[in-house]
*Asks:* 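Sharing a structure here in structure tokens format.
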Amino acid sequence: MAKFSIPKLGFLLLCCLAALTEATYMKYKDPKQPLGVRIKDLMRRMTLAEKIGQMTQIERTVATPDAMKNYFIGSVLSGGGSVPAQKATPETWIEMVNTIQKASLSTRLGIPMIYGIDAVHGHNNVYKATIFPHNIGLGVTRDPNLVKRIGEATALEVRATGIPYAFAPCIAVCRDPRWGRCYESYSEDHKIVQMMTEIITGLQGGLPVHSKKGVPFVAGKNKVAACAKHYVGDGGTTKGINENNTVISWNGLLSIHMPAYFNSIAKGVATIMTSYSSWNGKKMHANHDLVTDFLKNKLKFRGFVISD
């Protein structure tokens, strides 16, 4: 029978422990690693199915634990008026979000899901939440500090229900009052809409000194990720028809509908939502020139783009 000395046994044990540690260590879960390193490590581990699932956002009514686990869903939302119960309390909202989140964290890679909601004039889906005027009413105040404070209040109430992401603000420049969503626009004047992007600072918090342009920033547990929408030209459709075609030159698009996005990106907005309208006949969701070449490459937007 072979005999081992105590030093040799100790060495073998250390080797086994080292191998075990190396096998279970995942760089993407290590907050001490640079962000780029963590992203690359996670991406190389993901299967195609997991990548597809992470790019998918589903309505909360179908976000069962099984759906989250089986399809690796990356995000969940409450559609307009979608609530966990009539007159649901903040505790009920938190319980729902936590249940969904636990299912996401139990998957192979343990990637947390992101829950988003249309908190567009206060936390308007929630019973007894503070409701503020729609954007058209706020635009006439010409008071960016007021909308910043509204953003701060909204962020607090959204986080109080366990939700970290608000689909706001809408920074459309409504050029035709026949558009049924004109009330979501701060103004027909892009300069006023630009002023009102200060609500992003209220929702997300002020940028740290020396922040990199285009890099998203959310200040902490009392703040939420904001969403500038709808990129771009949603308020300029022909005859104000919703989801229609915005017929305008490149210079016109840049000078009227684009400026508020410059301000939003400068304020560190976390996400930008593409419009379901078209620009000169091309659907915005399919517009590689505007979404990839201009928004991501030219403007250096480093948050994520979400579809409408």
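Along the sequence shown, residues are numbered consecutively beginning with 1.
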*Asks:* Could you tell me which non-hydrogen atom of K51 sits nearest to which non-hydrogen atom of M43, and how far apart they are?
*Replies:* CE-O, 3.6 Å
*Asks:* Looking at D30 and K32, is there a salt bridge between them, counting it only when a charged N and a carboxylate O are closer than 4.0 Å?
*Replies:* no
*Asks:* Is there a side-chain contact (heavy atoms from CB on, under 4.5 Å) between M113 and V97 once you walk through the steps?
*Replies:* CA-CA 10 Å; M113 66 87 193; V97 174; 3.9 Å; yes
*Asks:* How far apart are the closest heavy atoms of K283 and S278, and which atoms are they?
*Replies:* CD-OG, 3.3 Å
*Asks:* Using a 4.5 Å cut-off between side-chain heavy atoms of Ile, Leu, Val, Met, Phe, Trp and Tyr, which other residues end up in the same hydrophobic cluster as M273?
*Replies:* L77, I114, Y165, F167, F304, I306
*Asks:* Considering non-hydrogen atoms only, spot the tightest contact between K223 and R159 and give its length.
*Replies:* O-NH1, 2.6 Å
*Asks:* Check whether the side chains of Y115 and S78 place a donor and an acceptor atom closer than 3.5 Å, and report yes or no.
*Replies:* yes
*Asks:* Does the pair D176 and R178 meet the rule for a salt bridge (charged side-chain N to carboxylate O under 4.0 Å, His left out), with working shown?
*Replies:* CA-CA 5 Å; D176 190 323; R178 290 176 293 182; 2.8 Å; yes
*Asks:* Sort out for me which residue in T154, V147, I171 forms a side-chain contact (heavy atoms from CB on, under 4.5 Å) with I199.
*Replies:* V147
*Asks:* Between R44 and D41, is a salt bridge (charged side-chain N to carboxylate O under 4.0 Å, His left out) present by the stated rule, with each step listed?
*Replies:* CA-CA 5 Å; R44 74 174 181 81; D41 181 66; 3.0 Å; yes
*Asks:* Quick one, K229 with D118, criterion salt bridge (charged side-chain N to carboxylate O under 4.0 Å, His left out). Give me CA distance, side-chain angles, the key distance, then yes/no.
*Replies:* CA-CA 12 Å; K229 63 183 187 182; D118 273 309; 3.3 Å; yes
*Asks:* What pair of heavy atoms forms the shortest contact from T197 to S264, and how long is it?
*Replies:* CG2-OG, 3.7 Å
*Asks:* Do T246 and H257 pair up side chain to side chain, a donor and an acceptor below 3.5 Å, judged on atom types alone?
*Replies:* no
*Asks:* So which atom in P216 and which in G303 form the shortest heavy-atom distance, rounded to 0.1 Å?
*Replies:* CG-CA, 3.3 Å
